[in-house]
Amino acid sequence: MRTTNTQSLQILNRNMGTFEIGTKIIKSYVPSLPQGFLIQRHNSIKPPIKGTENGFVFYTERYEYKSAIFNLNYDFGDEDPKTCFYKQCEVMISTLSYLQKRHLKPYEVETIVKHIFSKGNYIFNVDALYGHLMAYKPNKLEVVTKSTYKDIIEYKNYDTMQQYRNALNTALKLVNIKYNFKSIFDLLQERILNNDYAFMEKWFLVGHRSHNKLSHLIIEKFNLLVTGRKRKERYGVKKYPINNIYSLLIKSLSLKPQQQNAFIQKGIIKYEKQLKELNRLVNNRPKAQQLIFILGEILEKQPDVNIVPNVAYIEELKVELNIYNNIN
């Protein structure tokens, strides 16, 4: 029998004998099943991978799965440890039976119980738990379908669960940053190939804005160069200002003769101003196109567009974007 400190919790159980929670183990996550033992999990079709970082893989959407594993370093909190531990073991057996499509064999249950005893943070009577799980009748209603947006591809030792959460959040932040750069790169490449210089929305960006400053700045710079605006408005510079001349002449016919000339002159001035602004924005397009080379440099990817890099424009844009301070 393993020993525990004076702060350990001891519960007398008629079926299991003595059940104790030992001193905290170092790892923040300890699986309740031996690796590679039986079918432990079933996944639905996984969505495309968003990115991988620091032992984690993240997906573009959540996917559903069924898993028999629970964490042997689970923090019971205010829950009754005996009841919670019992329930976790029973759900595990029900899920394993569901995934195997049969009842577990005695040696399989014995292997699981010994694994829990040797790897977990619990002290209990092995024979008593084995007898309880062998007598337990699996219940399909206990099989839970869960969902997640990530997988762990490399298990690491963390001193606390908070360290694990910090590592997870940091990895997700880095993946989101790269994913946003890739999304803008692909969209900008498509825009250039289709000669589309309309206002670019930001709805597809993921993650907190403070972690993706450069992504937001690149989109804002593109919009400012080709539309004259950082934010979308109800109206803007007309794509074909010449249409204003026709509507101007038609509208003037409804006025008195002495008012028509002044109305037309005022409209022409407005039209010329719009045309001048349109020409300026059209002339900005070659500079806006160079943003794709900045993104390509960040992603280490070559754009598939029929334009050549302009070093002067690129360096000018890097200064305007303050890229070296906003690269995250």
Side-chain angles (χ1 to χ4, degrees), residues 1-43 65-146 148 151-152 154-165:
M1 181 71 67
R2 290 177 293 179
T3 60
T4 60
N5 59 22
T6 56
Q7 296 179 341
S8 65
L9 177 62
Q10 184 175 21
I11 298 175
L12 295 179
N13 186 302
R14 291 178 300 177
N15 297 322
M16 291 180 60
T18 301
F19 175 79
E20 299 182 27
I21 300 178
T23 55
K24 272 291 181 182
I25 50 182
I26 295 178
K27 293 182 180 179
S28 59
Y29 180 84
V30 181
S32 60
L33 293 171
Q35 187 175 2
F37 181 71
L38 300 175
I39 301 174
Q40 303 177 2
R41 175 170 170 149
H42 172 74
N43 299 322
Y65 69 97
K66 294 179 177 68
S67 175
I69 302 174
F70 67 88
N71 186 6
L72 293 180
N73 198 24
Y74 177 78
D75 185 2
F76 293 110
D78 296 331
E79 300 177 81
D80 177 49
K82 176 198 68 176
T83 304
C84 187
F85 179 71
Y86 253 73
K87 190 62 179 177
Q88 286 178 324
C89 290
E90 291 170 355
V91 171
M92 176 183 63
I93 294 299
S94 293
T95 307
L96 280 173
S97 298
Y98 174 85
L99 294 176
Q100 299 347 282
K101 298 181 180 179
R102 61 172 173 80
H103 289 292
L104 298 186
K105 300 176 181 178
Y107 83 89
E108 294 172 336
V109 176
E110 180 183 1
T111 300
I112 294 170
V113 172
K114 288 181 177 179
H115 171 81
I116 294 175
F117 187 83
S118 63
K119 300 295 184 181
N121 202 33
Y122 313 125
I123 298 174
F124 55 85
N125 186 304
V126 173
D127 292 336
L129 179 59
Y130 168 80
H132 174 79
L133 295 181
M134 283 300 300
Y136 176 74
K137 295 182 179 180
N139 185 354
K140 289 184 178 180
L141 297 178
E142 290 185 334
V143 179
V144 179
T145 299
K146 304 176 184 178
T148 185
D151 280 329
I152 300 175
E154 180 183 352
Y155 286 93
K156 299 183 179 181
N157 293 338
Y158 299 100
D159 292 339
T160 63
M161 184 59 72
Q162 188 59 47
Q163 285 188 2
Y164 165 78
R165 294 192 185 101

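Values in this document were obtained by computation on a predicted structure and should not be read as measured data.
- A search for side chain to side chain contact (heavy atoms under 4.5 Å, CB included) contacts involving D127 returns N125, not counting sequence neighbours.
- A 4.5 Å side-chain heavy-atom check between P34 and T111 finds at least one atom pair inside the cut-off.
- Residue L96 holds its CG atom at 7.0 Å from CD of Q40, rounded to the nearest 0.5 Å.
- Rounded to the nearest 0.5 Å, atoms CD (Q88) and CD1 (I69) are 13.0 Å apart.
- The side-chain heavy atoms of E108 and L38, taken from C-beta on, include a pair separated by under 4.5 Å.
- In this structure, F124 and F85 have tilted ring planes: the angle between them lies in the 30° to 60° band.
- Rounded to the nearest 0.5 angstrom, I152 CD1 and E154 CD are separated by 10.5 Å.
- Between Y136 and S94, some side-chain heavy-atom pair lies under the 4.5 Å cut-off.
- Annotation: salt bridge (charged side-chain N to carboxylate O under 4.0 Å, His left out) contacts of E142 (sequence neighbours excluded): K87.
- Across all their heavy atoms, E79 and C84 have their closest contact at OE1-SG, 3.8 Å.
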For V143 and K66, what are the C-alpha separation, side-chain angles and deciding distance, and is it a side-chain contact (heavy atoms from CB on, under 4.5 Å)? CA-CA 7 Å; V143 179; K66 294 179 177 68; 3.8 Å; yes

Going through the distances and angles, do Y86 and H132 end up as a ring-ring contact (aromatic ring centres under 6.0 Å, His included)? CA-CA 9 Å; Y86 253 73; H132 174 79; 4.5 Å; yes

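- Note that CE of M92 and CD1 of I112 are 5.0 Å apart. Values are rounded to the nearest 0.5 Å.
- Annotation: the span from K101 atom NZ to I39 atom CD1 amounts to 8.0 Å, rounded to 0.5 Å.
- A heavy-atom distance below 4.5 Å is not found between the side chains of I116 and L33.
- Taking CG from N139 and OG from S97, the interatomic distance works out to 10.5 Å, rounded to the nearest 0.5 Å.
- Residues satisfying the side chain to side chain contact (heavy atoms under 4.5 Å, CB included) criterion with E110, sequence neighbours excluded, are K114, Y130.
- No donor-acceptor pair closer than 3.5 Å links the side chain of N43 to the backbone N or O of Y65.
- Among all heavy-atom pairs drawn from H115 and S118, the shortest one is O-OG, 3.1 Å.
- Taking 4.5 Å as the limit, some side-chain heavy atom of L133 sits within range of a side-chain heavy atom of C89.
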